[in-house]
Amino acid sequence: MPELQMHEPSPGADPVVDLSGAPLPTKQTLNGRQSLLTQFGKFIAFDARIMRMVVKGNKAH
Amino acid sequence: MAEIVVLGAGISGHTAALHLRRLLGRTHRVTVVSPNSKWNWIPSNIWVGVGRMTTDDVVFPLAPVYRRKGIDFHQAKAVAIWPQGDADDPRGAVDVEYTGPDEHGRTARLRYDYLINATGPRLRFEATEGLGPDDGRTVSVCTAGHATQAATALDAVIAELRQGRKQTLVIGTGHGTCTCEGAAFEYTFNVDHELREAGVRDLARVVYLSNEAALGDFGVDGMVFEQSGFQTTSELWTGSLFRERGVEAILGAHVSRVTPDAIEYEILDGSTHTLAYDFAMLLPPFGGQPIKAYDASGTDITADLFAPSGFMKVDADYTVKPYEEWRASDWPSTYAAPGYDNLWAVGIAFAPPHQISKPQKTPNGTVIAPSPPRTGMPSGVMGKHVAMTIADRIKHGPDAKAHEASMATMGAACVASAGAGLTRGSAAAMTMLPVVPDHQRYPTGRDLRETRGELGLHGHWVKLMLHYLFLYKARALPGWFLIPE
């Protein structure tokens, strides 16, 4: 069962997902997404995770 | 000398051919058959589709690479496979029809000792009336050429918006059985970004119209993430992104027809609707290439070798069973065609045993079932592993164990860029391990340490890095094989 349900915002309107239950980012989160320092760290971590997945995928066999 | 033929030069086939050439001496012949003269890094077609890149940035000609590497190249499409040989020769054979300008229409029969089918998808725009850029009314980003057309259409819509005329842009899937929802998701956010850059976002209505039953499903049954000590879902994560960007989402939709003014669709509750549009990028459903198969006597055995969808049957468990009984072990690991030890299908060409997301039907009987994605990273890994199997069998004999690469054990990354520029870009970056959830092994179906969803500038850097790395790798430049699939 989806957490975000479809609804008709008004009679006859297109049925769309009611997104009011989806969390919005805080200002701090938005700033963090653009912070070069924070993002560089995440970039390294993401690349490391991809490499780890490659190794795990190979080891599984 | 062994003859190895690879059908298709996409991510899977090209990877297999390069590794075969690396692993085998020049005494063995590696032949690639592809109707396209160019290789395309398809993930970057999204950027072509919004005018941020040109076709030349995402494609390169295959012939010079194959000439340099000592790989024979036939610009042709496969039309028939003779896996048991024919009356003249017991070796397997494949019939091809040339598509290049010099030999267009010429046919030939190529003999093989080993055959890899990596033919990629047939874009089935005809499945929905009015779908597609050629005979329909929608654009696509499935090929670099399609993406260029999409960018032109998007420019026209932005010009209208600049004149103060409101526009509705619809992006998503054009049929209930489509796959690659991630590509539609990514294109949505690139379009949103372009509209903001043009200063016209407030006049545009952007609608994501998808066959997914829930946001964040992506045809892989959604994901569970662990963030800040809590478990959350890809649905909420995706919903947050949609809400933040003001994108409307219509889910569980099967598009039945596209007219010049409106998209007609049915949703899971069986209700039908009409959505007026000014711009529509709707992906088509995929099918296998129309390749026939014959036994040595010329009897048609296509139904033995291929599923009704046109994809080739491999070492999967194709037993029909309900969703609740689906298991990770149903998925293939060697990609060998049953009954043949010298024939494989990899990438999109293999027939999946079933969907990954739960298939659904509307009360009217319309099937709305996202097909499993099997592109990118998994496709390259499959191609490499089959190449290693063939190399081992040539070097060590036919009993050499097959290398395995199941989608139920390998991971994948999906980076949906949403913007451009090294300091102003952004992206939704996801990783999952495994691609096919394994509920027997992991409570949430996947390894929570590796299954993550993140938003930010770093995802955009990852996407750019992958663009340049994989083009470098595909050009087989020095050290290419050190870049993992």
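Chain letters run A, B, ... following the sequence lines, proteins first, then strands; residues in each count from 1.
- No part of B:Glu485 comes within reach of chain A, as not one of its non-hydrogen atoms sits under 4.5 angstrom from that chain.
- When heavy atoms are compared at a cutoff of 4.5 Å, B:Ala412 approaches chain A solely by way of its backbone atoms N, CA, C and O.
- Taking CZ of A:Arg33 as the start and CG of B:Leu455 as the end, the distance is 4.5 Å to the nearest 0.5 Å.
- With A:Gln34 contributing its side chain and B:Gly456 its backbone, the two residues share no donor-acceptor pair below 3.5 Å.
- Using a 4.5 Å cut-off between heavy atoms, B:Val435 does not touch chain A at all.
- Between A:Phe46 and B:Met430, the shortest heavy-atom distance links the atoms CZ-O, 4.1 Å.
- Once rounded to the nearest 0.5 Å, the distance linking CD of A:Glu3 with OG1 of B:Thr233 reads 3.5 Å.
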*Could you go through the side-chain contact (heavy atoms from CB on, under 4.5 Å) check for A:Val16 and B:Phe242 one step at a time?*
CA-CA 12 Å; A:Val16 294; B:Phe242 275 70; over 6 Å; no
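- Here B:Ala429 is the residue among B:Gly459, B:Ala413, B:Pro434, B:Ala429 with the most heavy-atom pairs under 4.5 Å with chain A.
- Interface check for chain A: of the options B:Leu251, B:Leu268, B:Leu466, the most heavy-atom pairs under 4.5 Å are formed by B:Leu251.
- Heavy atoms closer than 4.5 Å to chain A are found in the backbone of B:Thr274, but not in its side chain.
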_Before you tell me yes or no, could you show the steps for A:Gln39 and B:Glu454 under side-chain contact (heavy atoms from CB on, under 4.5 Å), namely the whole-Å CA-CA distance, both residues' side-chain angles and the distance that decides it to 0.1 Å?_
CA-CA 11 Å; A:Gln39 293 300 311; B:Glu454 296 170 355; over 6 Å; no
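- Only the backbone of A:Ser20 comes within contact range of chain B, with at least one heavy atom under 4.5 Å from a heavy atom of that chain.
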*Let me see the working for A:Asp18 and B:Arg243 under salt bridge (charged side-chain N to carboxylate O under 4.0 Å, His left out), right down to the final yes or no.*
CA-CA 9 Å; A:Asp18 178 5; B:Arg243 186 179 177 198; over 6 Å; no
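- Environment of CD in A:Gln28: sparse, with no more than 12 heavy atoms of neighbouring residues, nucleotides or ligands closer than 6.0 Å.
- In this structure, no portion of A:Ile44 lies under 4.5 Å from any heavy atom of chain B.
- Only the side chain of A:Asp47 comes within less than 4.5 Å of a heavy atom of chain B; its backbone N, CA, C and O stay farther away.
- Within the model, atoms CG of B:Leu457 and CZ of A:Phe43 stand 10.0 Å from one another, a figure rounded to the nearest 0.5 Å.
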*Please assess B:Glu450 against A:Ile50 for the test side-chain contact (heavy atoms from CB on, under 4.5 Å), listing each intermediate value before the final yes or no.*
CA-CA 8 Å; B:Glu450 314 297 3; A:Ile50 292 181; over 6 Å; no
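- You'll find the side chain of A:Val17 stays beyond 4.5 Å of the side chain of B:Ile250, heavy atoms only.
- Highest contact tally toward chain B, considering only A:Lys42, A:Arg49, A:Met6, is held by A:Arg49 [criterion: heavy-atom pairs under 4.5 Å].
- Put simply, CE on B:Met410 and CE on A:Met53 are 11.5 Å apart, with the number rounded to the nearest 0.5 Å.
- Using a 4.0 Å cut-off between charged side-chain N and carboxylate O, B:Asp447 and A:Arg52 make no salt bridge.
- For chain A, the nearby part of B:Met465 is the side chain; its heavy atoms alone come within less than 4.5 Å.
- When heavy atoms are compared at a cutoff of 4.5 Å, B:Ile267 approaches chain A solely by way of its side chain, counted from C-beta outward.
- At least one side-chain heavy atom of B:His273 sits less than 4.5 Å from a side-chain heavy atom of A:Glu8.
- Counted within 6.0 Å of CG on B:Leu482, heavy atoms from surrounding residues, nucleotides or ligands total more than 12; the atom is thus considered enclosed.
- The closest donor-acceptor contact from the side chain of B:Ser240 to the backbone of A:Pro23 lies under 3.5 Å.
- Proximity to chain A among residues 207-222 of chain B is limited to B:Ala213, B:Ala214, B:Leu215, judged by heavy-atom separations below 4.5 angstrom.
- Residue B:Glu244 touches chain A through both its backbone and its side chain, counting heavy-atom pairs closer than 4.5 Å.
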